[in-house]
Amino acid sequence: MSGSAANARIVAGNWKMHMGPSRARAFVEAFRHPEGREQVEVLLFPPAVSLATLVDGLRGRGVQARLGVQNIHPEREGAFTGEISAEMAREAGARFILVGHSERRQIFGESPDDTARKIAAAFRAGLTPLLCVGETLVERQAGRLEEVLGRHLDAALSPRGIRDRIHDGERFLVAYEPVWAIGTGETATPADASGAHAFIRSRLESLLGDGASGIPILYGGSVKPANAAELLNAQGVDGVLVGGASLDPVSFAKIIDGAP
Ligand code: 13P
């Protein structure tokens with residue numbers, strides 16, 4: 001995918017630690033997929049405790065959204081108090097998993113090696129990983145954007161087994177999420193996003209060869225109804241990963257409506 005008009009866009013909502021079952025139920029009851037935008041692929045990443053509510057609510061309403069979880073433990077099961085495995089997430093209705101989100105990296109100390117292990121676990125369980133990569137403001141100002149993105153991608157794709165899965169046609173998604181744009185109201189310009197996406201695309205090609213061609217690259221960081229359309233139309237942007245604005249069914253629908 002190249003962000004060209006021919007490709008269906010992806011609009012994903014990361015609810016972070018918001019929206020327990022009752023608010024998830026209210027969201028699904030109020031959400032309307034905009035008419036004429038049926039080709040847009042919609043993904044929702046609720047807290048795991050709200051998955052069952054969404055599975056049930058989406059089925060009942062015929063809404064074409066697919067579900068994911070925000071984190072997993074890489075082991076299948078065991079004495080890991082408080083954790084859930086990829087297999088459990090899948091059994092509960094998840095089909096996608098966010099990995100390497102900057103909040104996991106910065107707040108919870110997720111290492112590049114942890115990220116790779118979670119991707120491997122996702123494939124093992126039949127979940128599609130959505131890998132987040134992005135630089136902090138300090139890194140950007142120091143001219144280290146490409147070094148940081150390259151390091152995140154190299155680490156995530158270093159295990160041979162992961163590259164083989166992607167070569168074999170397993171779906172894999174990447175999101176460029178500049179940390180300075182997350183939850184700040186600051187958004188990368190379409191040109192900034194296109195530049196970073198082009199670098200990510202070329203690094204994926206050098207790591208995966210032909211296997212890189214089908215990998216969508218999403219942009220995330222303060223995406224709102226007011227800026228979504230120009231980002232979704234930017235060269236190399238195959239979709240958006242939305243935090244705050246995905247909590248409101250009306251603004252989330254407006255973002256979908258902005259997709260080409
Ligand atoms: P905001 O849209 O709230 O900036 O969050 C972006 C994000 O982190 C999505 O994963």
Side-chain angles (χ1 to χ4, degrees), residues 9-19 23-24 27 31 40-48 50-51 54 65-72 89 94-110 115 118-119 122 127-137 139-140 148-149 152-153 156 172-190 192-193 196-197 200 216-232 234 237-259:
R9 299 297 194 275
I10 298 169
V11 175
N14 173 11
W15 286 357
K16 308 191 181 185
M17 201 171 77
H18 301 283
M19 312 284 270
R23 284 189 64 197
F27 178 98
F31 177 73
V40 178
E41 182 175 5
V42 177
L43 311 178
L44 286 174
F45 293 87
S50 298
L51 264 179
L54 286 183
R66 303 173 75 203
L67 302 174
V69 284
Q70 301 169 16
N71 186 41
I72 49 150
R95 293 294 176 266
F96 292 79
I97 159 86
L98 286 181
V99 281
H101 193 282
S102 60
E103 288 153 18
R104 299 293 327 166
R105 294 184 197 262
Q106 293 191 330
I107 304 171
F108 300 100
E110 182 169 310
T115 300
K118 290 178 185 187
I119 294 171
L127 299 182
T128 297
L130 196 178
L131 168 69
C132 303
V133 299
E135 82 289 2
T136 63
L137 187 58
E139 289 164 338
R140 185 179 189 84
V148 173
L149 297 181
H152 287 168
L153 292 166
F172 182 73
L173 286 66
V174 175
Y176 169 55
E177 293 214 312
V179 179
W180 49 270
I182 295 177
T184 59
E186 296 276 333
T187 317
T189 63
D192 285 340
H197 283 220
I200 292 168
I217 306 174
L218 282 55
Y219 167 79
S222 296
V223 176
K224 310 278 180 231
N227 60 23
E230 62 172 1
L231 287 160
L232 282 159
V237 175
D238 300 305
V240 286
L241 178 55
V242 187
S246 71
L247 304 179
D248 171 31
V250 175
S251 64
F252 193 55
K254 281 189 187 150
I255 291 170
I256 297 167
D257 205 24

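Positions are given from 1, in the same order as the sequence printed here. Predicted, not measured: the structure shown is a model, and the values here were computed from it. Order of listing sets the numbers, starting from 1, for every ligand and every atom in it.
Among N71, L130, I119, L127, the single residue meeting the side chain to side chain contact (heavy atoms under 4.5 Å, CB included) criterion with V99 is I119.
Side-chain N or O atoms of S50 include one that pairs as donor or acceptor with a backbone N or O of M19 at under 3.5 Å. In this structure, R9 contributes its side chain and L232 its backbone to a donor-acceptor pair below 3.5 Å.
Counted by atom type alone, H101 and E177 present one or more donor-acceptor pairs between their side chains at under 3.5 Å. Between the side chains of E186 and S222, no donor-acceptor pair of N or O atoms lies under 3.5 Å.
With sequence neighbours left out, the salt bridge (Lys or Arg N to Asp or Glu O under 4.0 Å) criterion links E135 to R140.
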Contacts table for ligand 1: protein N or O within a distance under 3.5 Å of ligand N or O, distances only.
from, atom 1, to, atom 2, distance (Å)
ligand 1, 2 (O), S222, N, 3.4
ligand 1, 2 (O), G243, N, 2.9
ligand 1, 3 (O), G244, N, 2.9
ligand 1, 4 (O), G183, N, 2.6
ligand 1, 4 (O), S222, N, 2.8
ligand 1, 5 (O), K16, NZ, 3.3
ligand 1, 8 (O), K16, NZ, 2.9
ligand 1, 8 (O), H101, NE2, 2.9
ligand 1, 8 (O), E177, OE1, 3.4
ligand 1, 10 (O), N14, ND2, 3.0
ligand 1, 10 (O), H101, NE2, 2.9
ligand 1, 10 (O), E177, OE1, 3.1
ligand 1, 10 (O), E177, OE2, 3.0

